[in-house]
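Side chains are part of it too, since the values below use all heavy atoms of this structure and drop only hydrogens, waters and symmetry mates. Just so it is clear, the model here is predicted, and its values are computed rather than measured.
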Amino acid sequence: MSHYQYRCFDCGTLYSAAEIESSFTYLCKTCGTCQRNMPLKGVLEIAYDFVEVEKNLSREQLLATQPGRFWLHHALYPIDAPSAAELQLFERLRLTQTPVAEIATKFAGNFLAFDDTLNPTLSYKDRATSLVLAKAVQMNITEIAAASTGNAGSSLAGLSARLGIKAHVFCPERIPLGKRIQIQAFGANIYLVKGSYDDAFDLCLDVAGKKGWYNRNTAYNPLTIEGKKSSSIDMFISLKGKLPDTVFVPTGDGVIISGIYKGFYDLLKLGWIEKLPKLVAVQAAGSDALFRFMRDNVFSFEPADTVADSISAGSPRNLYMAAHAVKESGGETICVSDDEILDAQQDIIRETGLMIEPAAAAAYAGLKQYITAGKLAAGEKPIVMFTGNGLKDPQSLSVKNPQPDARSYQDWVDQLV
């Protein structure tokens with residue numbers, strides 16, 4: 001008997017693991033829909049038999065493991081206990097072992113950062129990809145596809161190369177150069193789409209379905225949500241079971257915040273934590289579908305346009321689960337402008353030496369806005385999710401760091417000496 005089932009987030013229908021996985025089913029068979037420029041309906045989530053989980057893993061055993069190696073506590077994930085050969089292979093998927101660091105800025109003082117810029121392909125997306133690929137290994141899958149604004153694609157390309165799996169990546173034509181080069185250098189097939197991420201998402205579904213490729217599309221494949229919950233588990237391990245009060249999460253398609261919530265929810269159901277940390281979803285003003293949905297209680301499509309490409313989504317595919325995560329955790333959704341994002345990026349890089357991309361900077365911009373509004377209570381412990389390395393998008397860095405003048409040897413001597 002499996003230690004988990006699949007459950008529809010919308011209608012609650014339960015499915016066995018074998019029923020879903022043997023047929024490459026991604027959405028609920030009863031109510032699942034995937035419509036253009038609309039959030040997904042019938043997203044599947046993993047429902048664990050927590051009694052069975054505790055037979056194989058205790059709180060103390062979890063806290064004794066290292067961050068970045070989720071397969072060592074496989075009872076918390078929808079995978080089988082790895083064989084000896086799989087254990088050796090999965091070591092190639094190892095994530096950062098030091099994700100939590102205390103940093104300080106002039107504006108915010110001391111706070112915690114969850115730093116995923118040190119992952120194998122330098123972004124948080126490695127968390128979802130690593131679990132999807134571990135599952136692919138156990139299912140003997142050799143080709144896999146994904147739509148991406150850049151980070152998920154470079155993640156799939158890089159980690160697939162480590163395992164000898166062929167990757168196919170569909171991206172909007174405006175993908176940042178650093179991310180496109182990563183995808184190509186890792187040897188994946190890349191397909192640039194004249195249009196948005198939403199167009200790339202739909203094309204990937206169509207082509208992968210007809211080709212029979214396993215699909216990593218975010219939210220569409222429920223394992224992407226489970227993979228992203230590993231940050232919550234690694235946070236729990238790194239902080240010795242003492243979680244922060246508030247988590248600032250850059251939010252676009254809604255899968256990161258849903259995954260973080262799922263990790264905390266599972267820990268709560270196991271009785272290993274006493275309460276859920278408050279989740280603050282930080283959106284770019286040019287990609288604020290979740291913010292508007294939380295305010296108006298209705299989804300309306302608006303094309304996304306923001307410097308923070310990793311959180312740019314006009315139709316967040318996991319909108320409803322993300323809204324649930326914010327509400328159930330007692331959190332909220334806030335918006336920051338592109339100017340605030342670029343200023344925050346510059347502050348973090350220059351004051352802490354951490355090279356972060358705009359989407360990660362949005363989370364810090366959210367903390368700054370929170371502090372300015374007087375919402376951070378005295379003694380409240382926040383953690384800010386830094387989800388991607390700044391070198392993946394050098395064009396955004398050039399806004400605040402323009403090309404300097406070149407001068408001759410003698411001209412520099414005359415000026416400086």
Side-chain angles (χ1 to χ4, degrees), residues 6 8-10 15 19-45 125 128-129 131-133 135-136 139 141-157 160 165-175 179 183 188-228 252-256 258-259 287 289 299 301 303-304 309-322:
Y6 287 81
C8 175
F9 175 75
D10 291 298
Y15 302 94
E19 183 179 2
I20 295 299
E21 294 168 4
S22 64
S23 59
F24 281 15
T25 297
Y26 299 99
L27 299 178
C28 176
K29 296 181 179 182
T30 302
C31 71
T33 59
C34 180
Q35 297 179 329
R36 184 169 177 78
N37 292 336
M38 290 292 293
L40 296 172
K41 294 294 293 292
V43 172
L44 296 176
E45 57 183 349
K125 301 301 174 70
T129 300
L131 179 62
V132 172
L133 287 176
K135 190 65 169 183
M139 295 174 64
I141 291 168
T142 58
E143 290 192 74
I144 185 168
S148 172
T149 59
N151 277 338
S154 60
S155 174
L156 182 64
S160 292
I165 293 175
K166 188 61 182 177
H168 303 273
V169 184
F170 297 79
C171 302
E173 62 181 331
R174 290 175 58 187
I175 179 177
K179 298 176 184 181
I183 294 169
N189 289 335
I190 184 170
Y191 313 92
L192 294 186
V193 181
K194 290 184 178 296
S196 67
Y197 166 70
D198 301 292
D199 295 312
F201 190 102
D202 293 338
L203 179 62
C204 180
L205 293 187
D206 188 20
V207 174
K210 291 175 180 175
K211 288 285 191 179
W213 298 334
Y214 191 47
N215 198 315
R216 183 223 175 276
N217 272 15
T218 189
Y220 184 72
N221 186 323
L223 269 65
T224 59
I225 300 167
E226 283 295 305
K228 290 182 180 182
D253 58 30
V255 175
I256 290 181
S258 299
S287 179
F299 170 73
F301 173 76
D309 71 286
S310 291
I311 54 172
S312 180
S315 55
R317 301 299 168 143
N318 212 33
L319 177 75
Y320 305 121
M321 197 179 286

Output yes when a side-chain donor or acceptor of Ser23 lies under 3.5 Å from a complementary backbone atom of Glu19, and no otherwise.
yes
Sub-3.5 Å donor-acceptor pair from the side chain of Ser258 to the main-chain atoms of Gly254, do we have one?
yes
Can you find a heavy atom in the side chain of Trp213 that is under 4.5 Å from one in the side chain of Cys204?
no
Contact check, side chains of Tyr197 and Asp309, non-hydrogen atoms, under 4.5 Å:
no
List the steps, then state whether side-chain contact (heavy atoms from CB on, under 4.5 Å) holds for Lys29 with Cys8.
CA-CA 9 Å; Lys29 296 181 179 182; Cys8 175; over 6 Å; no
Go through the steps to decide whether Tyr15 and Cys28 satisfy the test side-chain contact (heavy atoms from CB on, under 4.5 Å), and finish with yes or no.
CA-CA 9 Å; Tyr15 302 94; Cys28 176; 3.2 Å; yes
Applying side-chain contact (heavy atoms from CB on, under 4.5 Å) to Glu45 and Ile225, what does each step give before you reach the verdict?
CA-CA 8 Å; Glu45 57 183 349; Ile225 300 167; 5.9 Å; no
Which distance, rounded to the nearest 0.5 Å, do you find between the CG of Asn221 and the CD of Glu226?
11.0 Å
Check whether any side-chain heavy atom of Asn318 sits under 4.5 Å from a side-chain heavy atom of Asp253, and report yes or no.
no
For Ala313, is there any backbone N or O sitting under 3.5 Å from a side-chain donor or acceptor partner on Ser287?
yes
4.5 Å side-chain heavy-atom contact, Ser310 and Lys179
yes
Regarding Glu143 and Lys211, does a basic nitrogen lie under 4.0 Å from an acidic carboxylate oxygen?
no
Gap between atom OH of Tyr220 and atom CG of Leu205 - 0.5 Å precision:
5.0 Å
Anything under 30° is parallel, anything over 60° is perpendicular, the rest tilted; go ahead and classify Phe24 against Tyr26.
tilted
For residues 36-44, please give each side-chain donor-acceptor pair under 3.5 Å, one per line with the distance, not counting sequence neighbours.
residue, atom, partner, partner atom, Å
Arg36, NH1, Asp199, OD1, 3.1
Arg36, NH1, Asp202, OD2, 3.1
Arg36, NH2, Asp199, OD1, 2.2

Mind checking whether Val169 and Tyr191 have side chains closer than 4.5 Å, heavy atoms only?
no
How close do Ala152 and Thr129 get, heavy atom to heavy atom, and via which atoms?
O-OG1, 4.3 Å
Residue set satisfying salt bridge (Lys or Arg N to Asp or Glu O under 4.0 Å) with Glu173, at least two apart, ordered chain then number -> Lys194
So do Ile144 and Asn215 actually touch side chain to side chain, heavy atoms under 4.5 Å?
no
Lys125 versus Arg216, closest heavy-atom pair with distance
O-NH2, 3.4 Å
Report the distance from atom CD1 of Ile256 to atom OG1 of Thr218, rounding to the nearest 0.5 Å.
8.0 Å
Check whether any side-chain heavy atom of Phe170 lies under 4.5 Å from a side-chain heavy atom of Phe201, and answer yes or no.
no
I'd like to know if Arg317 pairs up with Asp198 as an ion pair, taking the criterion as any Lys NZ or Arg NE/NH1/NH2 lying under 4.0 Å from an Asp or Glu carboxylate oxygen.
yes
Any idea which heavy atoms bring Ala289 and Gly314 closest together, and the distance?
CB-O, 4.0 Å
Under a 4.5 Å cut-off applied to non-hydrogen side-chain atoms, are Arg174 and Thr149 in contact?
no
All heavy atoms of Gly227 vs all of Leu131, minimum pair found to be N-CD2, 3.4 Å
Once rounded to the nearest 0.5 Å, what's the spacing between atom CD1 of Ile175 and atom CD1 of Ile190?
4.5 Å
Residues that Ala157 engages under side chain to side chain contact (heavy atoms under 4.5 Å, CB included), provided they are two or more places apart:
Ile183, Phe186, Ala188
Quick check: does any side chain N or O of Thr224 sit under 3.5 Å from a backbone N or O of Ala219, one acting as donor and the other as acceptor?
yes
Give the intermediate values and the outcome of side-chain contact (heavy atoms from CB on, under 4.5 Å) for residues Thr142 and Ile165.
CA-CA 5 Å; Thr142 58; Ile165 293 175; 5.7 Å; no
For Pro172 versus Leu192, what's the shortest heavy-atom pair and its separation?
O-CD2, 4.0 Å
